[in-house]
Amino acid sequence: MVEDSELWDIICDGPHVPMKKLEETGPFVPKGRREYNDIDRKAVEKNYRAKKILMCGIGPDEYNKVSVCENAKEIWEALQTTHEGTTQVKQSKIDMLTIEYELFRMKDNESIQDMHTRFTFIISELHSRGDVIPETSL
C-alpha cells in the first residue's frame with residue numbers, strides 16, 4: 001500500500017531528481033547517474049515503475065500519444081487532456097450539464113424510470129467533474 005501511495009505521488013508531483021550542491025553556498029544541480037547512491041536509485045526507479053504501470057494499462061492509440069513522454073507525470077497529464085479535455089473544455093461540459101440540470105423536465109412519452117436514469121446521469125457527470133449540486137437545490 002505504501003508503494004502504491006508513493007507511485008501515485010510520482011504520477012501527480014513528478015519524478016524525484018537527485019540533487020547535489022555545487023559548492024557549500026552554491027546552487028543545487030541534478031546529480032549525474034554515476035553519483036547516485038542507493039536511496040537515489042530507489043527513488044528514480046519509482047518513476048520507471050509508475051511509467052510502466054501507466055504504459056501497460058493503455059491501448060495502442062493512447063500509447064502513440066504518450067510514447068514520447070519522459071516521466072509518469074507527463075504521461076498522466078497527456079492522458080487526462082486526451083480523455084477529459086483542457087480546462088476550457090471541462091468548464092464548458094460543466095456549464096452544459098448545469099444548464100441541462102436547471103432546465104430538467106420530463107419529456108413527452110418518457111417513463112419515470114427513463115427520466116430518473118437521465119437525471120441521475122446528469123448529477124453523476126457533474127459530480128465526476130467536481131461540480132456538486134447542493135442537496136437543498138435538489
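Only heavy atoms go into these numbers, but all of them, side chains included; no hydrogens, no water, no symmetry mates.
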One thing to verify: whether Arg129 and Glu125 come together as a salt bridge, which I'm taking to mean a side-chain N less than 4.0 angstrom from a carboxylate O.
yes

If we only count heavy atoms from C-beta on, is the [X] to [Y] side-chain gap below 4.5 Å?
{"X": "Val68", "Y": "Glu74", "result": "no"}
{"X": "Met19", "Y": "Pro30", "result": "yes"}
{"X": "Ile10", "Y": "Lys73", "result": "no"}

Within this structure, what is the [atom1]-[atom2] distance for the pair [X] and [Y], rounded to the nearest 0.5 Å?
{"X": "Lys51", "Y": "Ile75", "atom1": "NZ", "atom2": "CD1", "result": "5.5 Å"}
{"X": "Thr117", "Y": "Gln113", "atom1": "OG1", "atom2": "CD", "result": "4.5 Å"}
{"X": "Lys31", "Y": "Asp40", "atom1": "NZ", "atom2": "CG", "result": "3.5 Å"}
{"X": "Arg41", "Y": "His16", "atom1": "CZ", "atom2": "NE2", "result": "12.0 Å"}
{"X": "Asn47", "Y": "Asn71", "atom1": "CG", "atom2": "CG", "result": "5.0 Å"}
{"X": "Ser111", "Y": "Met106", "atom1": "OG", "atom2": "CE", "result": "6.5 Å"}

Taking all non-hydrogen atoms of both residues, which atom of Ser67 and which atom of Asn64 are closest, and how far apart?
OG-O, 3.6 Å

Are Trp8 and Ile58 connected in a single hydrophobic cluster, I mean Ile/Leu/Val/Met/Phe/Trp/Tyr linked by side-chain heavy atoms less than 4.5 Å apart?
yes

If two hydrophobic side chains count as joined below 4.5 Å and joins carry through other members, does Ile122 share a cluster with Met115?
yes

Please lay out, stage by stage, how Glu100 and Leu97 fare under the test side chain to side chain contact (heavy atoms under 4.5 Å, CB included).
CA-CA 5 Å; Glu100 203 172 330; Leu97 286 164; 4.3 Å; yes

Evaluate the side chain to side chain contact (heavy atoms under 4.5 Å, CB included) criterion for residues Thr120 and Ile123: first the C-alpha distance (whole Å), next the side-chain angles of each, then the deciding distance (0.1 Å), finally the verdict.
CA-CA 5 Å; Thr120 304; Ile123 299 298; 5.8 Å; no

Side-chain (Thr98) to main-chain (Ile94) donor-acceptor, under 3.5 angstrom:
yes

Side chain to side chain contact (heavy atoms under 4.5 Å, CB included) evaluation trace for Lys65 with Leu79:
CA-CA 8 Å; Lys65 294 174 186 169; Leu79 290 171; over 6 Å; no

According to ring-ring contact (aromatic ring centres under 6.0 Å, His included), who are the partners of Phe104, at least two apart in sequence or on a separate chain?
Phe119

Does Tyr36 sit in a hydrophobic cluster with other residues, and if so which ones, taking ILVMFWY side chains as linked at heavy-atom separations under 4.5 Å, directly or through other members?
Val44, Tyr48

Kindly check if the number of other-residue, nucleotide or ligand heavy atoms within 6.0 Å of [atom1] ([X]) is above 12?
{"X": "Lys107", "atom1": "NZ", "value": "no"}
{"X": "Ile39", "atom1": "CD1", "value": "no"}
{"X": "Glu35", "atom1": "CD", "value": "yes"}

